[in-house]
Number of protein chains: 2
Amino acid sequence: MSNKAEIMQQLKSEILALNLKPGTILSETALSERFQISRTPLRDVLKQLSLESYIDIYPKKGNLVSFIDLDSVEQMIYLRSTLEKEIIKDLAVQMPLRGNLELTQILDKQQEAVQRENAHEAFLAWDDAFHKTLFALAGREFLWNLIQQYNVHYIRYRRLHLLKREKLEEIRDEHQLMLDCITNHNQESIEELVHHHLHEDINARYLQENFADYIKK
Amino acid sequence: MSNKAEIMQQLKSEILALNLKPGTILSETALSERFQISRTPLRDVLKQLSLESYIDIYPKKGNLVSFIDLDSVEQMIYLRSTLEKEIIKDLAVQMPLRGNLELTQILDKQQEAVQRENAHEAFLAWDDAFHKTLFALAGREFLWNLIQQYNVHYIRYRRLHLLKREKLEEIRDEHQLMLDCITNHNQESIEELVHHHLHEDINARYLQENFADYIKK
DNA sequence: CCGATAAATCTTGTATACAAGATTGTTATT
DNA sequence: AATAACAATCTTGTATACAAGATTTATCGG
C-alpha cells in the first residue's frame, strides 16, 4: 500500500463501510505514519476526499469524517428518481439487444442473495449493478458516474438500514417489474414504480433514533 | 490577489470566458510567479480545477486547459432537461408566494438585455438567474449547485454560440411561457416546452466548423 | 544530410523544515 | 476556588530543496 490511488480507495471504502465513523479525526501526521508516505501526497488525497464530501476540512484545526447529511440523501433520491424514470422510459422505447440478458442475469444473482443468510452486502452490490446497468444501456454512464461522486451520504444511509427479507424480496421484485415494463414497451406504470422503489425506504426517524451520533444536525 | 480562493476564482473565470483557450498550458512555476505564491498552494488549486474538469493533469508532463467535451454537454443537457421538467411540474402544483414576483423581475431584466446592443453576457447571466431561481423555489438549490460543478463544458459551449436577437427573444418568451404554466397550474405543456427550450440550440456542427481547435476529439 | 544516442533541461511529484493559527494546560492573581 | 493571561503543544498551511519522469536539444557516427 503506497500510491495515492490505493490510499484513497482504502480510505473511501473504510468510510463507506462505517469502519471510520462520522466524526473521526483524520490527522495528516497519523495517516502519513500509517501509510508510510509524506504529508504532501496525503494532502492531495484528503483534498479530493473533501471535494467528494467524504470528510470536512476545518482549516488549521483538522479533518473529520463527515456526518451523514440527510438533506443530501433526500436530494440525491430526488435526482435519481427523476433521472431513472426518464431513462427507463427511454429504454422502453428502445434497448440494446444485450440488455435483456444482462439484466436478467443480475436479477438471478440478486435472487440468490435474497435466499442466502448474511448476504446483505451482496444484495446491495447487485442492487447497484442493476441500476448502473440501466444507466449504461441508455448511454448514460456519464450521469451514473456523476451521481456516484455525490453518493457518500446516500450509500452510508442505506447501509445503516438492516432490511428484512420480505423487504429484500420486494425490492428485487420491483426490479423484475421494471424489466417487464421495458420489454413490454409499457411506459404507463414506470413513473409510479420508480418513485415507489426509490422513496419507499426513507425512514429518517429510525436513523435519528438509533444512529443519532452519525447524523449531521 | 494572494489567497487560494481568489486565485481559483480568477482562473475559473478566465477559462469560462475563453481568455484561457482550451489546450493552453498552465505550468505551476509560471502561475507561481504570476500570483506570487509558492507551488504548494497552487497545486491545491490545480487539483480542484482538474476535479471540476477545468483542466486536465498529465502526470509529470503538464496541465492543460480542458478541451470542450461535446458528449459532456449533451449529457448535462439531458440531466438539466429531465430535472427541470420535474421541478417546474412541482412548482405548478405549489410555489412559494414570493416566486411570481422574483421570476417576473428577472424576466423584465432579461427583456431589457434583449433590447440592448452587446448585452450578450448580461442576457446569459439573467438566463442563468431564471433557471437558478426555479431550482431554489422548488427547494432544489443543492442540485443546482451540483450541476454547476460539472458545467464547464456546457458554459463554454453556450458562450461560443452568438445568438441572433430573434433567438434571444424566443428564449426569453419561453421563460415567460414556463412561468405562465406554473401560475396556471398547467402541467400539460411543460414537458415539451422544457425539452424544446434546452435542446433547441444544440448545433454541434457549427462549433465543429468554427472552433474545431477548442473541441475534444 | 540523416539517424541514433546521450545529455541537458524542461515538467511535475515528494519529503521536509518552518510558519502560523487553534487548542490545551498551567500558572499567577484576586 | 475562579478567572485571566500566558506558554506549550497540538493542528494544518507554505516554501523550498531535491527526486524522477518526459521532452527537447545537442552531439556524434554513418
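These numbers were taken from a predicted model, which means no experiment stands behind them. Side-chain atoms are counted along with the backbone in the values below, which use heavy atoms only and exclude waters and symmetry mates.
- Between Ile55(A) atom CD1 and dT11(D) atom P the separation is 15 Å, expressed in whole Å.
- Ring pair His161(A)/His120(A): centre-to-centre distance not below 6.0 Å.
- One finds no salt bridge joining Asp44(B) and Lys47(A) here, because no Lys/Arg side-chain nitrogen approaches an Asp/Glu carboxylate oxygen to under 4.0 Å.
- Considering only residues two or more places apart in sequence or on other chains, Trp144(B) meets the ring-ring contact (aromatic ring centres under 6.0 Å, His included) condition with Phe135(B).
- Other residues, nucleotides and ligands contribute only 12 or fewer heavy atoms inside 6.0 Å of the NZ atom of Lys132(A).
- At a threshold of 4.5 Å between non-hydrogen side-chain atoms, the residues Leu11(B) and Phe35(B) count as touching.
- With rounding to whole Å, Glu33(B) atom CD is found 12 Å from dC10(C) atom P.
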Inset, instruction - Summarise how protein sits on nucleotides 12-20 of chain C as a single string, 5' to 3': B when a protein heavy atom is under 4.0 Å from the base, S for sugar-phosphate-only contact, - for no contact. - result: BBBBB---B
